[in-house]
Amino acid sequence: MTAGSSAQDAIPQDVAPQDAADTAASPARPDSTADTHFGFRTVPLGDKQRMVDEVFHSVARRYDVMNDLMSLGLHRVWKDLLVSRIRPPKNARPFRLLDVAGGTGDVSFRTVEAGGAGTSAVVADINGGMLGVGRERAARLGHAEKVEFVEANAEELPFPDKSFDAASIAFGIRNVPRMDKALAEMRRVLKPGGHCFVLEFSRVDVPGLDAIYDTYSFKAIPPMGRFVTGDAESYQYLVESIRRFPAPELFAQMMREAGLRRVGWTPLTGGIVCLHSGARI
């Protein structure tokens, strides 16, 4: 596929009866694997969440600044495209977004600003430091009444079934130890007809750009992290974790196994990022 094209037409439009979808919400992939990946390292599955927490505690205060520097500002464009797919209503109709691993609130703020009076969002993140930054930003931007912050594990969301109109996770799914469980949980809390969106780094598909991107990632980003945050190691992990993330086709299958239907993806900026989507039918 070429950059910017949609894979919606390339992927079968899976539609299953409601009872079959509910059965599929229990992931087919086993969750008892002894080891997993932390960047390029192999670590015990039970240790990954703690290690990821340490990374984000370390960078929380400068996280948004580093996003601008690392992506050359493109993360703003990618998140705007995500919000355009979420499509919050412009009127007073109630619309509730769950923003998983949303930490500092970036996607949630954009969503409530794009929507009307009935649009609200809940940021669920396991990292208290990131949530603290998000609450401060919400107060400063005047969004404290419309954006709620909840400390929660993406693998065990503390929300009732069928309670959100949309669910999103931007640049966070690759940090979850068991992505299959997080996807199944996002589907569980969606209302029928609701959509799940995953914005994540992917595989560059433009010849020549891949080599430039690798050089920039490994040679520039960790030193940049050291200069801005005093922490190069955390950004070395983040760069490595991108390379361990599944290819779009495999991730689409993971979304289907989690019970999502009408699964597709759209490559952005030469495949540096993909916007994945699926629906609860």
Side-chain angles (χ1 to χ4, degrees), residues 1-8 62-91 93 95-125 130 133-134 136-138 140-144 146-149 164-175 186 190 194-206 209 213 216 221 238 242 245 248 251 255 262-279:
M1 284 179 297
T2 58
S5 66
S6 173
Q8 290 282 8
R62 306 294 287 172
Y63 181 74
D64 292 311
V65 173
M66 276 298 295
N67 278 347
D68 273 328
L69 293 173
M70 288 190 301
S71 71
L72 306 178
L74 283 170
H75 79 102
R76 297 174 180 270
V77 177
W78 298 329
K79 289 172 183 173
D80 284 344
L81 286 168
L82 167 60
V83 173
S84 75
R85 292 287 299 278
I86 293 171
R87 289 194 296 184
K90 300 288 187 181
N91 53 31
R93 177 168 66 84
F95 182 90
R96 196 172 182 225
L97 168 72
L98 174 63
D99 183 20
V100 180
T104 60
D106 220 12
V107 170
S108 291
F109 300 153
R110 292 167 189 270
T111 301
V112 299
E113 288 167 3
T119 300
S120 63
V122 175
V123 177
D125 200 298
M130 296 285 283
V133 173
E136 291 174 7
R137 291 186 68 203
R140 187 169 65 251
L141 295 171
H143 294 320
K146 299 191 74 174
V147 180
E148 179 185 358
F149 292 82
F164 291 92
D165 298 282
S168 65
I169 182 167
F171 306 116
I173 192 73
R174 72 184 190 280
N175 299 313
M186 291 173 75
L190 279 175
H195 284 77
C196 170
F197 298 98
V198 179
L199 184 64
E200 189 52 88
F201 290 102
S202 190
R203 309 292 175 89
V204 175
D205 59 7
V206 176
L209 179 60
Y213 179 58
Y216 174 72
I221 289 178
L238 292 173
I242 292 168
F245 190 70
F251 189 71
M255 293 183 75
R262 296 178 180 167
V263 172
W265 72 89
T266 304
L268 305 172
T269 317
I272 291 176
V273 167
C274 271
L275 177 54
H276 304 264
S277 63

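Predicted model, so just to flag it, every value in this text is computed and none were measured.
- In this structure, V204 and Y213 approach most closely via the heavy-atom pair CG2-CD2, 3.4 Å.
- Side-chain atoms of D165 do not come within 3.5 Å of backbone N or O of G194 as any donor-acceptor pair.
- Here the OG1-CZ distance, from T104 to R137, works out to 5.0 Å after rounding to the nearest 0.5 Å.
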* **Residue pair F171, L238: steps toward the side-chain contact (heavy atoms from CB on, under 4.5 Å) verdict** => CA-CA 10 Å; F171 306 116; L238 292 173; over 6 Å; no
* Asked: Would H143 and E113 count as a side-chain contact (heavy atoms from CB on, under 4.5 Å) if you check the C-alpha gap in whole Å, the side-chain angles of each, and the deciding distance to 0.1 Å?
  -> CA-CA 9 Å; H143 294 320; E113 288 167 3; 2.8 Å; yes
* Asked: Stepwise, does the side-chain contact (heavy atoms from CB on, under 4.5 Å) test hold for S71 with W78?
  -> CA-CA 10 Å; S71 71; W78 298 329; 4.1 Å; yes
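- Side-chain atoms of R203 come within 3.5 Å of backbone N or O of F245 as a donor-acceptor pair.
- Counting all heavy atoms, side chain and backbone alike, A138 lies closest to F149 at CB-CE1, 3.7 Å.
- With sequence neighbours excluded, the residues that form a side chain to side chain contact (heavy atoms under 4.5 Å, CB included) with R110 are R76, K79, D80, V83, D106.
- The aromatic rings of H276 and W265 sit tilted, their planes meeting at an angle between 30° and 60°.
- Residues D125 and G103 share a closest heavy-atom pair of OD2-N, 2.9 Å.
- Nearest approach of M186 to C196, heavy atoms of both residues: CE-SG, 3.6 Å.
- In this structure, CD1 in I86 is found 11.5 Å from OG in S277, a value given to the nearest 0.5 Å.
- S120 contributes atom OG, which lies 11.0 Å from atom CG of L98 (distance to the nearest 0.5 angstrom).
- Across every non-hydrogen atom of P88 and T119, the tightest pair is CB-OG1, 3.8 Å.
- You'll find the side chain of V107 stays beyond 4.5 Å of the side chain of F197, heavy atoms only.
- Between D205 and P267, the shortest heavy-atom distance links the atoms OD2-CB, 4.5 Å.
- Residues V147 and T111 have side chains not in contact (no heavy-atom distance under 4.5 Å, counting atoms from C-beta outward).
- Looking at R174, its side chain never comes within 3.5 Å of a backbone N or O of E200 through a donor-acceptor pair.
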* **Pair L209-T269, side-chain contact (heavy atoms from CB on, under 4.5 Å): steps then yes or no** => CA-CA 10 Å; L209 179 60; T269 317; 5.7 Å; no
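- Interatomic distance, L74 CG to I272 CD1, rounded to the nearest 0.5 Å: 7.0 Å.
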